[in-house]
Amino acid sequence: MKENVFLDSPKEYSLEDYMNHTVNGRGNLGQEVPIEVYRLLEYSLREELEERFGKECQVEIMRCAGRRAGIFFARNLLDVTLPLQEFVAQLQAKTAELKIGVIRIEKLDEDTGKIVLTVSEDADCSGLPLLGETVCNYDEGFIAGIMSAYTEKEYRAVEIDCWATGDRVCRFLVEVKE
Ligand SMILES: [Zn+2]
């Protein structure tokens with residue numbers, strides 16, 4: 001396992017600890033929060049990061065955070081031993097089940113590992129106004145992190161279409177980083 005792919009470092013608490021929400025849980029309120037709450041967190045964080053560190057740094061932080069989440073997701077919620085086609089099918093099922101979005105595969109090259117996929121009903125951006133730029137940097141990292149954890153190669157995902165650029169799906173070009 002290559003160190004640079006997984007960003008693992010010794011920490012007092014890990015992402016795993018914060019995910020432990022069922023113990024002493026939410027007996028009355030349950031496991032879900034509305035999309036407004038998710039977006040409030042995401043976009044307030046983006047604004048704060050941009051004000052403090054500038055746009056470029058904000059984008060990079062969101063992407064890197066998404067990457068951490070993607071690695072966690074793949075390791076804890078997916079079976080990374082499956083062959084590629086089955087792995088992708090499992091990913092589609094899990095992201096729909098968890099209401100992250102609906103993934104469709106447009107191209108999948110088994111030799112190069114290059115994938116073009118769309119996410120519709122995306123939790124991060126569906127319904128956003130035309131902002132003139134793609135906004136799903138967290139998703140870019142998330143998808144890249146999942147594929148990196150699966151292949152143990154460093155992946156990159158670039159969003160080429162988004163609700164915020166006038167499309168009705170987010171489209172990602174996903175490939176091994178050179
Ligand atoms: Zn998007």
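Index from 1, following the sequence. Remember, it's 1-based here, ligands and their atoms both numbered in the order they're listed.
Around the Zn ion (ligand 1), the two atoms SG of Cys125 and SG of Cys170 are separated by an angle of 70°, to 10 degrees. For Cys162 atom SG and Cys136 atom SG, the angle they make at the Zn ion (ligand 1) is roughly 120°, to 10 degrees.
For the pair Glu140 (side chain) and Glu159 (backbone), a donor-acceptor distance under 3.5 Å is present.
Taken to the nearest 0.5 Å, the SG atom of Cys136 stands 7.5 Å off from the CD atom of Glu42. With rounding to the nearest 0.5 angstrom, the NZ atom of Lys107 is 8.5 Å from the CG atom of Leu173. Rounded to the nearest 0.5 angstrom, Ile146 CD1 and Thr151 OG1 are separated by 11.5 Å.
Within Glu159, the N/O/S atom positioned nearest the Zn ion (ligand 1) carries the name OE2.
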